[in-house]
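Working notes, beginning with the structure itself.
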Amino acid sequence: MAHQVFEKTIRIHFGDCDPAGIVYHPTYYVLLNKFHEDYLHEVLKVGFIEIRRFGVGFPVVGVHTDFVSPSRPGEDVTARLWIEKLGTSSVKFAFTITKGEELRLRCVETMVCVRLDTEGNFVSSPIPDEIRERMMPYVCGEEDERLAFRS
């Protein structure tokens, strides 16, 4: 990969799991959201709330996830994030969670940049230049492989 990848270790806690002793699938979305927020703070230098200073927000409009293998309490897993596509007003984030070489989860999440119009409705808006510039090192090149999903 020629692009940068944001990476962190995540500890799986007992409270993340269901009665079968594996991560409850909706909990993965909470873990990914916290990890994504770390990316925003550490790379973009702005959080979900602070991004309002640009007059925009980034709601999620699509998610595709494969739950490949279970994770259990006490495990330290590695979360990775990069950008598969950066459009004028949208961004497709790619995530993986692994334990060593074993893939546990792969996910893409599409967000759109919006602002409020005079009637309080969301309208598409170009991603502010300062945010776009900080995202650029994490964007896949045309030659980079994209995440492949089960059908």
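Fair warning: this is a prediction, and the values are worked out from it, not measured in the lab. In this chain, residues are counted from 1 in sequence order.
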With sequence neighbours left out, what residues match Phe35 under ring-ring contact (aromatic ring centres under 6.0 Å, His included)?
-> Phe6
Reported NZ-to-SG distance for the pair Lys92 and Cys140, which is rounded to 0.5 angstrom = 10.5 Å
Within one Ile-Leu-Val-Met-Phe-Trp-Tyr cluster: Trp82 and Leu86, side-chain cutoff 4.5 Å = no
Under 4.5 Å between any side-chain heavy atoms of Thr98 and Val77, yes or no?
-> no
Counterpart residues, side chain to side chain donor-acceptor pair (under 3.5 Å), relative to Arg134 (two or more places apart) | Glu130
Between Pro73 and His13, the two heavy atoms sitting closest are CB-C, 4.2 Å
Derivation and outcome, side chain to side chain contact (heavy atoms under 4.5 Å, CB included), residues Phe95 and Val108 = CA-CA 6 Å; Phe95 300 89; Val108 292; over 6 Å; no
When clusters are formed from ILVMFWY side-chain contacts under 4.5 Å, directly or step by step, what else is grouped with Ile49?
-> none
Other than Val68, what residues sit in its cluster of Ile, Leu, Val, Met, Phe, Trp and Tyr side chains whose heavy atoms are under 4.5 Å apart, directly or through others?
-> Leu103
Under the side chain to side chain donor-acceptor pair (under 3.5 Å) test, residues paired with Glu7 that sit two or more places apart = Arg80
Report the residues that fulfil side chain to side chain donor-acceptor pair (under 3.5 Å) with Ser124, sequence neighbours left out, ordered by chain and then residue number.
-> Ser89
For residues 110-117, please give each side-chain donor-acceptor pair under 3.5 Å, one per line with the distance, not counting sequence neighbours.
unit_1, atom_1, unit_2, atom_2, d
Asp117, OD1, Glu119, N, 2.9
Asp117, OD1, Gly120, N, 3.0
Asp117, OD1, Asn121, N, 2.9

Is there a side-chain contact between His3 and Tyr138 (heavy atoms, below 4.5 Å)?
-> no
Sequence neighbours excluded, every pair satisfying salt bridge (charged side-chain N to carboxylate O under 4.0 Å, His left out) that has a member inside residues 26-50 = Lys8-Glu42
Any chain of hydrophobic side-chain contacts (each under 4.5 Å) joining Leu147 to Leu105?
-> no
How would you list all residue pairs meeting salt bridge (charged side-chain N to carboxylate O under 4.0 Å, His left out) that involve residues 100-114, not counting sequence neighbours?
-> Asp66-Arg106, Glu75-Arg104, Glu102-Arg104
Cut-off 3.5 Å, no hydrogens considered: what does the side-chain donor-acceptor table look like for residues 19-33, sequence neighbours left out?
unit_1, atom_1, unit_2, atom_2, d
Thr27, OG1, Tyr24, O, 3.4
Tyr28, OH, Ser71, OG, 2.8
Tyr29, OH, Thr65, OG1, 2.9

Within the distance-only criterion (no hydrogens, no angle test), does the side chain of Arg72 pair as donor or acceptor with the backbone N or O of Pro70 below 3.5 angstrom?
-> no
Checking side chain to side chain contact (heavy atoms under 4.5 Å, CB included) for the pair Phe54/Ile127: CA distance, chi angles, key distance, verdict?
-> CA-CA 9 Å; Phe54 293 95; Ile127 296 169; over 6 Å; no
Do Thr78 and Lys99 come within less than 4.5 Å of each other through their side chains, counting heavy atoms only?
-> no
Determine whether Met135 and Val60 fall in the same hydrophobic cluster, where Ile, Leu, Val, Met, Phe, Trp and Tyr are linked whenever their side-chain heavy atoms lie under 4.5 Å apart.
-> yes
Residues in ring-ring contact (aromatic ring centres under 6.0 Å, His included) contact with Phe93, at least two apart in sequence or another chain | His36, Tyr39
Partner set under ring-ring contact (aromatic ring centres under 6.0 Å, His included) for His64, not counting sequence neighbours | Phe149
When you look at Ile51 and Ile131, which way does the side chain to side chain contact (heavy atoms under 4.5 Å, CB included) test go after all the steps?
-> CA-CA 9 Å; Ile51 208 157; Ile131 294 172; 3.7 Å; yes
Are Val123 and Val91 joined in one hydrophobic group, where the rule is that I, L, V, M, F, W and Y side chains link up if heavy atoms are under 4.5 Å apart?
-> no
When rounded to the nearest 0.5 angstrom, what is the spacing between CD1 in Ile83 and CG in Asp144?
-> 12.5 Å
Do Val5 and Val43 sit in the same hydrophobic cluster, where Ile, Leu, Val, Met, Phe, Trp and Tyr count as joined when their side-chain heavy atoms come under 4.5 Å apart?
-> no
Minimum heavy-atom distance between Val46 and Arg53, given as atom pair plus value | CG2-NH1, 4.2 Å
Go through the steps to decide whether Asp16 and Phe14 satisfy the test side chain to side chain contact (heavy atoms under 4.5 Å, CB included), and finish with yes or no.
-> CA-CA 5 Å; Asp16 299 327; Phe14 176 77; over 6 Å; no
